[in-house]
Asks: 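If you scroll down you'll find the structure; I have some questions about it.
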Amino acid sequence: MKGSLTILCCFIAGVLAGLFADLPAVVTESDLTLWVLYALIFFVGIGIGGDAAASFSVLKKSNIRIFLIPVAITFGSLTGAAVASLFLADISIRDALAIGSGLGYYSLSSIYITEMRGEVLGTISLLSNILREIVTLLAAPLLAAWFGRTAPIAAAGATAMDTTLPIIIRSSGKEFAILAIFSGIVLTIAVPILVTVILS
Amino acid sequence: MIEILVIMAAGMMIGYLLRQKKALFAALDRVVMAVIFLLLFVLGISVGLNETVVGNIHMIGVKAVVLTFGAVAGSILCCRFAWGLFPATSFQEKTFEREATDEG
């Protein structure tokens, strides 16, 4: 929660700087976003690679059907966003699919969508995916009570492996921790692939 | 945008090779957070400079809420259906404890 608030503050600070500050040309060039994104992807990759042993031991000990969970979460997110776009006049189904495929991984997906579709859709994606994390953090106990113990994992999407993991464990029980981490890892890897495939 | 996947794969290989260096990964988490903050700040700047976004922020917020609701509801329903396909005994306490000791 603290993390996503800080992120929201950084974003708002950036917006205010863009609105009111007299920025040097090097900052206003859109290429800067892309290079910072490359750096982020690289560091995130190192983190996943360093954790590979843990990730793969989870896979080896689990039934193949465990993959059904992240697949179902992705399918549901894409379908749900596509259905929601029917109520929004100027969001195409394809753009809604791209936003839905962010799965809560706002830093990656929104910058990605900004690069490929511009700031308007990028900002919708950012807000939508930050909201997803905030909703999970705030409502995980309610979601677990109303929709079953897998619901917080589904709502968390890609964040189930890190920021929302503590609240998932508290709401769903610690026997769901491995499933949450597994689902989060699979979805974290899936997000950049899905967004690319949907928007290219 | 293939370069994104190449950069991530390169990072994963380097991370895998350096997996024994625990101190590095503790520092890495902080670096990643710092880069995310920087990224969101830079993204904010490009949003603040974009007049279309600034002029329509209330509409953008509503759209984000509607899309989030759809995506989260869809995920929860499909995940629940998929979970129903598992036998009731999946993911017992034992599995978790074995994993926890592996990690610790």
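Below, read A as the first sequence line, B as the second, and so on, with proteins coming before strands; counting in each chain starts at 1. Atom set for the values below is all heavy atoms of this structure, side chains included, hydrogens, waters and symmetry mates excluded. Since we're looking at a predicted model, the values are computed, not measured.
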Asks: Using a 4.5 angstrom heavy-atom cutoff, name the option from A:Ala154, A:Ser110, A:Ser101 with the most pairs to chain B.
Replies: A:Ala154

Asks: Tell me, which pairs form a side-chain hydrogen bond (donor to acceptor under 3.5 Å, both in side chains) where one or both residues lie in residues 63-77 of chain B, sequence neighbours left out?
Replies: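 Matches after skipping sequence neighbours: A:Asp90-B:Lys63, A:Ser128-B:Thr68, A:Arg132-B:Ser75.
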
Asks: Examine whether an atom of A:Leu23 lies under 4.5 Å from a heavy atom of chain B, and if so say whether it belongs to the side chain, the backbone or both; otherwise answer neither.
Replies: side chain

Asks: Which one of B:Gly61, B:Gly74, B:Ala10, B:Ala71 has the most heavy-atom pairs closer than 4.5 Å to chain A?
Replies: B:Ala71

Asks: Is A:Ile91 close to chain B through its backbone or its side chain, or both, or neither, when contacts mean heavy atoms under 4.5 Å?
Replies: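 Side chain of A:Ile91 only, per the 4.5 Å heavy-atom cut-off to chain B.
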
Asks: Which heavy atom of A:Ala17 sits nearest to which heavy atom of B:Ile45, and what is that distance?
Replies: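 Reported closest heavy-atom pair: CB-CG1, 4.2 Å.
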
Asks: Who wins among A:Gly100, A:Pro152, A:Ala151 for the most heavy-atom pairs under 4.5 Å with chain B?
Replies: A:Ala151

Asks: Under 4.5 Å between side-chain heavy atoms, hopping through other hydrophobics if needed: is there a path connecting A:Leu127 to A:Leu19?
Replies: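 Per the 4.5 Å side-chain linkage, A:Leu127 and A:Leu19 are co-clustered.
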
Asks: Is chain B contacted by the side chain of A:Leu126, its backbone, both, or neither, given a heavy-atom distance below 4.5 Å?
Replies: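 Answer is side chain: those atoms of A:Leu126 sit under 4.5 Å from chain B.
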
Asks: If you look only at pairs with a residue in residues 9-23 of chain A, which of them pass as a side-chain hydrogen bond (donor to acceptor under 3.5 Å, both in side chains), with sequence neighbours excluded?
Replies: none

Asks: Report the option among A:Val120, A:Ile99, A:Thr79 that has the most heavy-atom pairs separated by less than 4.5 Å from atoms of chain B.
Replies: A:Val120

Asks: Just verifying a value: how many Å separate A:Phe75 CZ and B:Leu77 CG, rounded to the nearest 0.5 Å?
Replies: 11.5 Å

Asks: Between A:Leu143 and chain B, with a heavy-atom cut-off of 4.5 Å, which part of the residue counts as in contact: side chain, backbone, both or neither?
Replies: side chain

Asks: Answer with yes or no whether the hydrophobic clustering places B:Val31 together with A:Met161; edges join I, L, V, M, F, W, Y residues whose side-chain heavy atoms lie under 4.5 Å apart.
Replies: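 Yes; tracing contacts between hydrophobic side chains, which count when under 4.5 Å, links both residues.
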
Asks: Which pair of non-hydrogen atoms, one from A:Ser85 and one from B:Leu67, has the smallest distance, and what is that distance?
Replies: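 Where A:Ser85 meets B:Leu67 most closely, the heavy atoms are N-CD2, 4.3 Å.
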
Asks: Are B:Val72 and A:Ile124 co-members of a hydrophobic cluster defined by side-chain heavy atoms under 4.5 Å apart?
Replies: no

Asks: Given heavy-atom pairs under 4.5 angstrom as the criterion, report whether the side chain, backbone, both or neither of A:Val83 touches chain B.
Replies: neither

Asks: Nearest 0.5 Å please: distance from the CZ atom of B:Arg80 over to the CD1 atom of A:Ile153.
Replies: 13.5 Å

Asks: What part of B:Val54 lies closer than 4.5 angstrom to a heavy atom of chain A: side chain, backbone, both or neither?
Replies: side chain

Asks: At their closest point, which heavy atom of A:Ala84 faces which heavy atom of B:Val66, and how far apart are they?
Replies: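 Closest heavy-atom pair between A:Ala84 and B:Val66: CB-O, 3.5 Å.
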
Asks: For chain B, which of A:Phe42, A:Phe11, A:Phe20 has the most heavy-atom pairs under 4.5 Å?
Replies: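 Ranked by contacts with chain B, first place is A:Phe11.
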
Asks: In the structure I gave you, are the side-chain heavy atoms of A:Ile69 and B:Cys79 within less than 4.5 Å of one another anywhere?
Replies: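 A:Ile69 reaches B:Cys79 side chain to side chain.
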
Asks: Return the option, out of B:Leu28, B:Val32, B:Leu24, B:Ile14, with the maximum number of heavy-atom pairs under 4.5 Å with chain A.
Replies: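 Answer, by heavy-atom pair count under 4.5 Å with chain A: B:Leu28.
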
Asks: Do you know the tightest heavy-atom contact between B:Ala82 and A:Ala72?
Replies: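 Heavy atoms only, the tightest pair is CB-CB, 3.6 Å.
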
Asks: Shared ILVMFWY cluster between A:Ile73 and A:Val135, side chains joined below 4.5 angstrom?
Replies: no

Asks: Apply side chain to side chain contact (heavy atoms under 4.5 Å, CB included) to B:Val65 and A:Leu131, showing your working.
Replies: CA-CA 7 Å; B:Val65 170; A:Leu131 267 174; 3.7 Å; yes

Asks: For the interface with chain B, which of A:Gly122, A:Ala81, A:Ser77 has the highest count of heavy-atom pairs at distances below 4.5 Å?
Replies: A:Ser77

Asks: Which answer fits A:Leu88, side chain, backbone, both or neither, if we ask what part of it has an atom under 4.5 Å from a heavy atom of chain B?
Replies: side chain

Asks: Heavy-atom pairs under 4.5 Å with chain A are the metric here; pick the option from B:Phe81, B:Phe41, B:Phe25 that has the most.
Replies: B:Phe41

Asks: Specify which of B:Asp29, B:Val35, B:Leu18, B:Leu38 makes the most heavy-atom pairs with chain A at under 4.5 Å.
Replies: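 Greatest number of close heavy-atom pairs with chain A: B:Val35.
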
Asks: For A:Thr150, which atoms come within 4.5 Å of any heavy atom of chain B: side chain, backbone, both, or neither?
Replies: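 Both parts, backbone and side chain.
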
Asks: Between A:Phe147 and B:Trp83, is the ring centre distance below 6.0 Å?
Replies: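 Between B:Trp83 and A:Phe147, which both carry aromatic rings, the centre distance is not below 6.0 Å.
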
Asks: Looking at A:Leu108, A:Thr74, A:Leu78, A:Leu40, which one has more heavy-atom pairs under 4.5 Å with chain B than the rest?
Replies: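 Highest number of pairs under 4.5 Å: A:Leu40.
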
Asks: For atom CZ of A:Arg170, decide whether the heavy atoms of other residues, nucleotides or ligands shown that lie under 6.0 angstrom number more than 12.
Replies: no

Asks: When hydrophobic residues are tied together by side-chain contacts of less than 4.5 Å, even through go-betweens, does B:Val42 share a cluster with A:Trp35?
Replies: yes

